[in-house]
Every structure is written in structure tokens, then in C-alpha cells.
Amino acid sequence: MENVTTQHIDDKGQKMIEITITMPTQAYFLSGIRDFTLTLIKNMTNFSEQWAYRFQSIVDELCNNAIEHGSKEGEIIKIVFQNNPKDFIQIMVEDTGTAAQHMKADEINKLIESRKKQNALNGLIRGRGLPKIVSEWTDELEFTDTEKGGIRVRVKKFLNDPKLKQAIASNDPTHIVLN
Amino acid sequence: MTDINITIEDIKIGGSANDNSQSEGKVAKIVLFKGQLDETNVDEKAKLIYALLEQNPKNLHLLMNFEGLEYMNSKAIGYLTDWYSKISEGSGKMVIAMAHPNILDILEVVGLTQLIKCLPTVDEAKLELLDTSGITNSNQGGDNSSLIAA
């Protein structure tokens with residue numbers, strides 16, 4: 001695995017850190033990416049520990065999808081973390097589009113929408129990663145076709161999300177959440 | 001391959017020396033997970049549980065001890081759902097004990113805590129296995145208490 005870290009100022013004049021990792025399409029590298037994600041979220045963002053674990057799952061699911069459905073063996077996928085400490089974290093995963101069962105962005109979007117409606121006991125082993133886990137735990141989820149024929153998936157989570165406030169409040173033992 | 005160790009043991013879920021699960025026709029097992037279930041190991045390790053289901057197609061009472069489980073991906077959740085369905089079809093029961101907050105969180109987001117009872121201790125999970133009423137007194141997941149604990 002290789003990584004590049006850059007720091008720049010965004011449109012709003014806020015400091016943003018971008019980390020790019022390239023990873024061979026072998027699933028045994030995923031545990032390293034999960035560890036990296038957990039460490040990154042815990043130490044470089046203002047998200048809670050609960051969200052660090054959630055991002056760990058999000059990144060694992062996105063990378064695994066890029067490996068299994070997006071790229072041939074022996075190629076590389078690209079993972080980009082963009083962290084604006086006061087506003088959001090954005091993660092992008094890009095595959096090469098060379099896998100046998102590769103789909104276009106439109107097809108993936110339709111598949112995810114249809115699977116969102118399925119109940120927990122749907123009889124399938126697969127099909128929960130993107131529609132249930134990634135979709136539920138992010139504010140934006142977007143698939144686009146790349147010029148090279150692959151898929152770029154982009155997820156974004158804002159710090160000022162109401163669901164996030166509940167998670168932060170829940171860490172306070174004096175705060176009772178009633179739903 | 002990511003490290004995961006799964007061990008299966010017989011358990012007694014009855015209250016007295018004469019009241020053991022075998023005499024009631026129930027087969028009670030505890031499955032202990034230690035490590036992480038991900039894409040590199042889940043297909044291989046799932047075979048252990050499927051073998052157990054094959055050996056005990058009826059009245060299997062399974063306690064999944066997640067105390068040592070650090071991570072599970074969506075495919076592992078898919079297998080868990082399939083085991084639950086098969087055990088339920090065979091008039092058995094499956095419960096989860098001692099899941100970490102991050103595991104409970106992911107089970108909750110896919111809707112599994114509504115179906116599978118998640119108990120904070122092994123003793124409570126054993127009691128749940130004995131209970132045939134379907135009423136749970138302290139589900140670890142399926143409500144906001146799990147999020148607060150996280």
C-alpha cells in the first residue's frame with residue numbers, strides 16, 4: 001500500500017487534509033485499511049469513537065465492493081480521505097472497471113435503491129453493505145463512472161448532522177435520549 | 001487472512017443436575033468468536049456453523065458469544081441472518097451475548113436486533129434460550145440503550 005498526504009485550503013478558506021492510498025486488489029489488505037480508518041477518525045477528526053467504528057465499516061464495505069465487483073486481480077484501487085475538521089469527512093474509492101461483473105453507476109444506484117426496501121430476512125448473504133450500512137451512515141452517497149471505465153464512489157458525512165448530535169450526547173452519562 | 005478463532009462447546013441451559021438440554025430434546029451449543037470476521041475468512045469459517053446446523057437440523061439452541069468479536073462485515077451479517085433463519089425453521093433458537101457496542105451498532109443498522117435477541121451477559125442469554133414465551137426482559141440491542149452505551 002502507498003499513501004500521499006496533502007493539505008490545502010478549501011473554497012470556504014478552511015484547512016483540509018487529503019490522504020490518498022493506493023491498494024492492491026487483495027482482500028487481505030482490508031484489515032490494514034480498517035485500522036488506518038479507525039486511527040484517522042479518532043485522531044484527526046471531531047467525530048466520536050462510535051463514528052470511528054462506523055467509518056471503519058463504511059470504508060471496508062466500499063473497498064471490498066471495489067475489489068470484488070470493480071477490478072481484476074492484480075490491479076489497484078484508490079482510496080481518498082478528505083477531512084475538513086470543522087465541517088465534514090469525505091471518502092472516495094475508485095476501481096478500474098475491469099471486473100467481469102462490473103456495473104455502470106446507474107445500474108448500481110438502481111440496485112441499491114431496490115435493496116434498501118428489502119427486510120432483514122431477505123434470504124441473501126450479500127447485499128447489505130451499500131444499501132443498509134453505507135447508505136444509512138452517510139449523508140451523501142454517489143456513484144459516478146470514471147473516464148477510464150471504472151466507478152468512483154463518494155460518501156460524505158457532515159459534523160452537524162442531527163443523527164451525529166444524538167451520538168455525541170449519548171456519550172454523556174447524564175444525558176438521557178428518549179425516542 | 002485476518003485472524004478469527006471460532007470454538008463450539010456444548011452448554012447446559014437447564015437449572016438442575018437432572019435438567020439438562022439433551023434430555024429435553026434440545027441441543028444447546030455456545031459458539032465463541034475471537035478476532036475479526038471479514039472478506040478473507042468469513043466464507044471458510046461459516047462452514048463450521050453450517051456443519052453444526054447440518055448435524056442438528058431440529059431444536060438447535062445456539063448461543064453466539066461475541067465477547068471476543070472485534071469486527072464483522074456485511075457478509076458475516078448475511079451468514080448470521082441465514083443461520084438464524086435455518087435454526088428458526090428447525091424450531092430452534094439463536095441468541096447473541098456480550099456483543100461490543102460497534103457490533104451491536106452494525107446489527108442494529110441492518111435491522112437484526114429486531115429479530116435476534118442480544119443479551120449483555122452469557123447467563124442472560126442462557127435464560128433467553130430456555131424461555132419459550134418469546135418475551136425478552138433485557139434485549140441488549142433493538143433500542144436506544146445500545147447507542148447510549150456506545
Side-chain angles (χ1 to χ4, degrees), chain A residues 26-35 37-38 48-65 67-68 115-116 118-138 163 166-179, chain B residues 1-4 35-47 49-50 69-89 94 99-116 118 141-150:
Chain A
Q26 271 121 9
Y28 51 76
F29 284 110
L30 289 174
S31 64
I33 288 290
R34 290 200 300 271
D35 289 345
T37 304
L38 198 64
S48 67
E49 187 178 31
Q50 181 185 33
W51 278 91
Y53 284 105
R54 288 179 173 183
F55 282 114
Q56 190 181 42
S57 291
I58 290 166
V59 172
D60 187 55
E61 297 295 336
L62 293 179
C63 289
N64 186 59
N65 198 62
I67 291 171
E68 192 174 353
R115 284 187 173 167
K116 276 182 188 175
Q118 291 179 341
N119 65 22
L121 285 179
N122 59 17
L124 299 171
I125 301 297
R126 305 310 307 259
R128 291 173 181 80
L130 299 178
K132 298 288 182 185
I133 298 168
V134 176
S135 177
E136 283 289 323
W137 282 346
T138 54
K163 281 187 278 185
Q166 187 189 39
I168 291 168
S170 71
N171 290 330
D172 176 1
T174 63
H175 189 104
I176 297 168
V177 180
L178 297 172
N179 274 345
Chain B
M1 188 184 285
T2 308
D3 287 342
I4 180 77
Q36 303 187 14
L37 276 172
D38 72 1
E39 192 61 34
T40 64
N41 57 29
V42 69
D43 292 323
E44 189 62 31
K45 295 296 178 181
K47 292 175 187 170
I49 310 297
Y50 281 113
L69 185 64
E70 297 159 5
Y71 181 79
M72 70 190 308
N73 72 350
S74 62
K75 194 194 263 187
I77 291 168
Y79 279 123
L80 193 66
T81 310
D82 195 42
W83 302 332
Y84 171 80
S85 297
K86 286 182 165 53
I87 289 170
S88 300
E89 283 166 18
M94 186 173 100
H100 292 199
N102 62 310
I103 300 293
L104 274 179
D105 200 19
I106 202 163
L107 293 177
E108 193 165 340
V109 79
V110 298
L112 269 196
T113 52
Q114 310 263 338
L115 299 167
I116 306 173
C118 300
D143 60 25
N144 286 320
S145 62
S146 63
L147 269 179
I148 293 167

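Numbers restart at 1 for each chain; the letters A, B, ... are given by sequence-line order, proteins then strands. Quantities reported herein were computed from a predicted structural model and do not represent experimental measurements.
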Report task. May I ask you to test the B:D105-A:W137 pair for a side-chain heavy-atom distance under 4.5 Å? Result -> yes
Report task. Rounded to the nearest 0.5 Å, what's the gap from CG on A:D60 to CE on B:M72? Could you check? Result -> 12.0 Å
**Report entry** Spacing of CD1 belonging to A:I125 relative to CD1 belonging to B:I77, to within rounding of 0.5 Å
**Finding:** 11.5 Å
Requested in this report: State, with a plain yes or no, whether a side-chain heavy atom of A:R34 is found less than 4.5 Å away from one of B:D38.
Outcome: yes
**Report entry** Distance in Å, B:E39 CD paired with A:C63 SG, rounded so as to fall on 0.5 Å steps
**Finding:** 12.0 Å
Query raised in the report: What is the minimum heavy-atom distance between B:M1 and A:Y28, and which atoms define it?
Result: N-CB, 4.3 Å
Report task. Tell me, for A:Q56 versus chain B, whether the close heavy atoms (under 4.5 Å) come from the side chain, the backbone, both or neither. Result -> both
Report task. Mind checking the OG-CG spacing from A:S31 to B:D3? Nearest 0.5 Å is all I need. Result -> 8.5 Å
Query raised in the report: So which of B:L115, B:T40, B:L80, B:I106 has the largest heavy-atom pair count under 4.5 angstrom toward chain A?
Result: B:I106
Query - Evaluation steps, side chain to side chain contact (heavy atoms under 4.5 Å, CB included), between A:R128 and B:T81 - result: CA-CA 11 Å; A:R128 291 173 181 80; B:T81 310; 3.6 Å; yes
